[in-house]
Amino acid sequence: MKLKKMMAMLLVGATCAGMMAGCGSSGGSSSGSAASTGSGDKGTMTLVMSSRDEFLSTLESAALKAAEGAGVKLTSQDAQNDAAKQIQYIETAVNGGDMAVIVNPVDSDAAQSLVDAAGDTPLVFVNRPPSDMNVLSAENVGFCGSNEDTSGYFQGEYLAEYFKGKGKTEISYVLLQGELGQVSQIKRCAGVLKALEDNGIKATSVVDLAGKYDRAEAMNKISPILTSGQKFDCIISNNDAMALGAIEACEAANVDPSSFPIVGIDCTKDGAAAVQAGKMAMTVYQNPLGQGKGAVEAALNLAAGKAANDGTEFTKDESGEAYSDSIVWIPFEPVTADNVADYL
């Protein structure tokens, strides 16, 4: 059974009363309310979210559930994409005597400021890695997330096989990019293009669009392309939300979205449904359940004076870098029509 399914079963028992973040208060990115769970018998921790969307809310719920199971009271705060507010929440957690802090950073380039705010209190970055991984340390700073070097690469491998099957070695593409400058945006774009090149496909951009990881933004950006008469072979998206926006733009313009590959990343509920329906060619599963659970485990390890990935059920970093013991990798998984049923 897939890890996603096993961990999803662990979350089924969570009720709205016990897990506010999973049932109501985490439903929209506009909510600034705090959510908490756990007895606190073994201490307290704070999770500082950048925002709350479908993916991050699922991650949040998994973290709350894992903390509850560990007897730790975990309080979750939504910074609403305000980097200064994240620092304030971290400082409050430290002053309140929390054993550790978990943060999904608004700005990966500002990771050092978050480390400074935490001081001697263990800090775990989750989902979004710091731009400079050297801020990680075996003593009290860790990271739990998925290796972005592989996410876009899975997209490129799929597209290369698809176009080779049609006898094409040169293609043109439209690229929907996430928040410009973020590690995920940079690596997802680089990964897909590298995989195409590695597999003998010459890929030329028709246009690169800043979709900001947002469904409505992507729809608005793609619509003029569809009506302009510009030709392209595929739409590459840095996440599912933008891919779904592209699908909606196609349908509004009476263009069949299945007539060319549209590829995403994250394998959200709606993304998986679009793959099953044949509207999205493929996506790449990023495991929010694993990231939430793994982040709590890493934080507990650091608080106990252990390496972040000590005893992890996930993947250890084998890069040999000085910060290797500080990383818990949650593997990406390619999802196509052949295996999408495992992710629904």
Side-chain angles (χ1 to χ4, degrees), residues 3-4 6-7 10-11 21 37-38 40 42-50 55-56 58-77 86 89-90 93-94 98-105 108 111-112 114-115 117-148 183-184 286-332:
L3 177 61
K4 172 179 182 283
M6 290 189 289
M7 297 187 68
L10 295 175
L11 293 173
T37 191
K42 296 183 179 179
T44 61
M45 293 193 297
T46 296
L47 168 63
V48 185
M49 305 296 295
S50 61
F55 180 89
L56 291 176
T58 304
L59 183 157
E60 178 185 45
S61 294
L64 289 164
K65 182 64 176 178
E68 184 176 37
V72 173
K73 181 178 180 181
L74 178 64
T75 299
S76 176
Q77 301 283 4
Q86 283 201 314
Y89 281 136
I90 292 173
V94 171
D98 277 8
M99 60 196 296
V101 179
I102 302 169
V103 61
N104 168 242
S108 295
Q112 185 63 56
L114 303 180
V115 173
D120 293 332
T121 300
L123 177 73
V124 175
F125 293 95
V126 64
N127 180 250
R128 296 175 183 169
S131 298
D132 180 7
M133 296 291 272
N134 288 306
V135 304
L136 304 181
S137 70
E139 292 76 25
N140 66 340
V141 184
F143 168 66
C144 177
S146 300
N147 189 346
E148 293 291 358
V183 173
S184 57
Q286 180 177 197
N287 188 342
L289 304 179
Q291 289 186 13
K293 183 174 185 288
V296 170
E297 292 179 350
L300 289 170
N301 277 337
L302 290 176
K306 301 177 183 178
N309 61 12
D310 184 71
T312 181
E313 65 184 89
F314 301 108
T315 304
K316 293 191 176 184
D317 185 78
E318 298 180 351
S319 66
E321 297 285 355
Y323 48 72
S324 295
D325 287 343
S326 304
I327 298 176
V328 178
W329 288 125
I330 314 297
F332 280 107

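We number each residue from 1, following the sequence as shown. Values below: every heavy atom of this structure, side chains too, minus hydrogens, waters and symmetry copies.
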For I330 and G290, which heavy atoms make the closest approach, and how far apart are they? CD1-O, 3.6 Å
Looking at residues at least two apart in the chain, or sitting in another chain, which of them share a side-chain hydrogen bond (donor to acceptor under 3.5 Å, both in side chains) with S137? N140
Give, for atom OG1 of T315 and atom CD1 of I327, the distance between the pair rounded to the nearest 0.5 Å. 11.5 Å
Say you draw a straight line from CG of N301 to OG1 of T312; how long is it, rounded to the nearest 0.5 Å? 8.0 Å
Qualifying residues under side-chain hydrogen bond (donor to acceptor under 3.5 Å, both in side chains), relative to D132, sequence neighbours excluded: N134
Taking only residues two or more places apart in sequence or in another chain, which ones pass ring-ring contact (aromatic ring centres under 6.0 Å, His included) with F143? W329
Would Q286 and N127 count as having a side-chain donor-acceptor pair, cut-off 3.5 Å? yes
Partner residues of D98 under the side-chain hydrogen bond (donor to acceptor under 3.5 Å, both in side chains) criterion, sequence neighbours left out: T44, T46
Supply the atom-to-atom distance R128 CZ to E148 CD, rounded to the nearest 0.5 angstrom. 10.5 Å
Can you measure from OH (Y89) to CE (M49) and round to the nearest 0.5 angstrom? 12.5 Å
Quick one: are F125 and V115 in side-chain contact, heavy atoms under 4.5 Å? yes
Would you give the length of the straight line joining atom CE of M133 to atom CD of E321, rounded to the nearest 0.5 angstrom? 9.0 Å
Work out which heavy atom in N309 is nearest to a heavy atom in D317; give both atom names and the distance. ND2-N, 4.3 Å
For Q86, which residues count as a side-chain hydrogen bond (donor to acceptor under 3.5 Å, both in side chains) partner, sequence neighbours excluded? none
Of all heavy-atom pairs linking E313 and K293, the shortest is OE1-NZ, 2.5 Å
I need the minimum non-hydrogen distance between A308 and L302, along with the two atoms involved. N-CD2, 3.9 Å
Residues two or more places apart in sequence or in another chain: which of them pass side-chain contact (heavy atoms from CB on, under 4.5 Å) with A63? L47, L74, V296
Determine yes or no for a side-chain-to-main-chain donor-acceptor pair under 3.5 angstrom, with N104 supplying the side chain and V126 the backbone. yes
Of the non-hydrogen atoms in A299 and M45, which two are nearest, and what is the gap between them? CB-SD, 3.6 Å
Ignoring hydrogens, what is the shortest heavy-atom contact between V94 and A118? Give both atom names and the distance. CG2-O, 3.6 Å
With side chains defined as the heavy atoms from C-beta onward, is the minimum distance between K306 and L300 less than 4.5 Å? no
Nearest 0.5 Å, what's the CG-CG distance between L114 and L123? 6.5 Å
Check the pair S324, K316 against side chain to side chain contact (heavy atoms under 4.5 Å, CB included), reporting the backbone distance first and the verdict last. CA-CA 8 Å; S324 295; K316 293 191 176 184; over 6 Å; no
